[in-house]
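Working notes, beginning with the structure itself.
Within every chain, numbering begins at 1; the chains are lettered A, B, ... in the order of the sequence lines, protein sequences first and strands thereafter.
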Number of protein chains: 2
Amino acid sequence: MSGTDMDVPSMVRAPLPSPVPAEEYEQCPVTDVLRRVGDKWSVLVIVLLGKRSYRFNELHRGIETISQRMLTRTLRGLAADGLVHREVFPTVPPSVEYSLTPLGRTLLVPLSALADWVVQHRAEIAAARQSRS
Amino acid sequence: MSGTDMDVPSMVRAPLPSPVPAEEYEQCPVTDVLRRVGDKWSVLVIVLLGKRSYRFNELHRGIETISQRMLTRTLRGLAADGLVHREVFPTVPPSVEYSLTPLGRTLLVPLSALADWVVQHRAEIAAARQSRS
DNA sequence: CGGTATCCCGAACGATACTG
DNA sequence: CAGTATCGTTCGGGATACCG
């Protein structure tokens with residue numbers, strides 16, 4: 001629970017005299033995670049799974065514009081990062097349930113803070129984009 | 001401000017019976033902003049500009065691995081969204097100064113919360129990725 | 001100094017068809 | 001039901017060269 005004084009460890013150090021070195025950047029972990037969460041569907045899936053667990057086709061119907069392929073890839077990616085739990089029930093027909101892991105659930109907190117920021121400032125952003133058209 | 005109960009307005013409404021409709025998704029504003037912030041350089045630039053204002057080549061040297069093209073595109077994108085202020089001083093040779101707008105500075109808060117989350121949980125993510133290799 | 005313009009590559013994404 | 005396979009397109013991003 002730090003706060004507004006952003007201090008990414010050993011990524012940005014001092015005002016000027018320390019450039020961000022290639023060896024240390026090389027994939028900044030923050031950027032790295034932001035790129036995962038910044039993909040087209042992950043946030044949506046995480047938010048939905050924040051409500052309860054879902055089965056594959058439930059999510060598919062729940063999002064509606066996502067392709068089966070992208071839903072699979074998104075879920076697999078989130079599962080690979082330990083954010084989503086995938087449980088297969090060997091029934092016929094098979095059924096798979098997706099839910100947030102405890103780790104995934106903790107992510108929901110800062111994510112919702114960011115979402116709140118967007119909601120509160122989307123008008124300003126939209127206005128800025130307009131005036132720059 | 002709000003908290004863990006993520007409720008993106010008219011994006012996700014109820015647990016099951018309301019799919020996210022194409023007309024309402026159509027680019028979810030949260031995803032939209034996350035994709036901007038999730039690009040390869042924006043966070044880094046925002047964090048740097050959070051410390052003080054920079055001139056173009058200062059940022060270029062400060063990041064070191066970014067190409068001139070991507071730095072320009074990143075700054076223009078952030079400026080178009082009203083997050084960064086671009087001020088041109090008509091000197092010879094010309095000089096351009098970049099700084100965060102008040103709006104951009106408010107973004108620093110939730111962004112740092114997310115960054116903190118990553119810092120605190122990057123080991124777990126790394127471990128999850130390992131065990132899934 | 002602070003950019004543009006051009007070319008190119010690989011990854012992300014989408015549509016469609018098929019399957020255990 | 002819950003995927004995989006294949007294909008084609010779009011887009012982010014890097015390299016290089018040039019410009020006011």
Counting the atoms with a prime plus P, OP1 and OP2 as sugar-phosphate, which does B:Ser95 contact under 4.0 Å by heavy atoms, base, sugar-phosphate, or nothing? sugar-phosphate

Looking for any heavy atom pair under 4.0 Å, which part of the strands does B:Tyr98 touch: base, sugar-phosphate only, or nothing? sugar-phosphate

Heavy atoms of A:Ile66 and A:Trp41 approach each other most closely as CD1-CG, 3.5 Å

Closest non-hydrogen atom pair between B:Thr91 and B:Pro93, with its separation: OG1-O, 2.7 Å

Is the side chain of A:Thr101 donor-acceptor paired with the backbone N or O of A:Gly82 at a distance under 3.5 Å, no angle test? yes

Is a salt bridge present between A:Arg76 and A:Asp81, judged by a nitrogen-to-oxygen distance below 4.0 Å? no

Five-pair end axes of the helix from C:dC1-D:dG20 to C:dG20-D:dC1, angle between them (10°): 50°

Within 6.0 angstrom of A:Arg73 CZ, more than 12 heavy atoms from elsewhere: no

So does A:Arg76 get a side-chain nitrogen or oxygen closer than 4.0 Å to the phosphate oxygens (OP1/OP2) of D:dT4? yes

Please lay out, stage by stage, how A:Arg52 and A:Glu58 fare under the test salt bridge (Lys or Arg N to Asp or Glu O under 4.0 Å). CA-CA 11 Å; A:Arg52 63 174 180 85; A:Glu58 271 185 316; 3.2 Å; yes

Compare all side-chain heavy atoms of A:Phe56 with those of A:Leu75 and state whether any distance is below 4.5 angstrom. yes

Taking heavy atoms of chain B and a 4.0 Å limit, find me the 5'-most and 3'-most nucleotide of DNA chain C within that range. C:dC1 to C:dC13

N/O-N/O pairs, protein side and nucleotides 7-12 of chain D side, under 3.5 Å:
none

Test B:Asp32 against every option in A:Arg129, A:Arg122, A:Lys40 by the salt bridge (Lys or Arg N to Asp or Glu O under 4.0 Å) rule and name the one that passes. A:Arg129

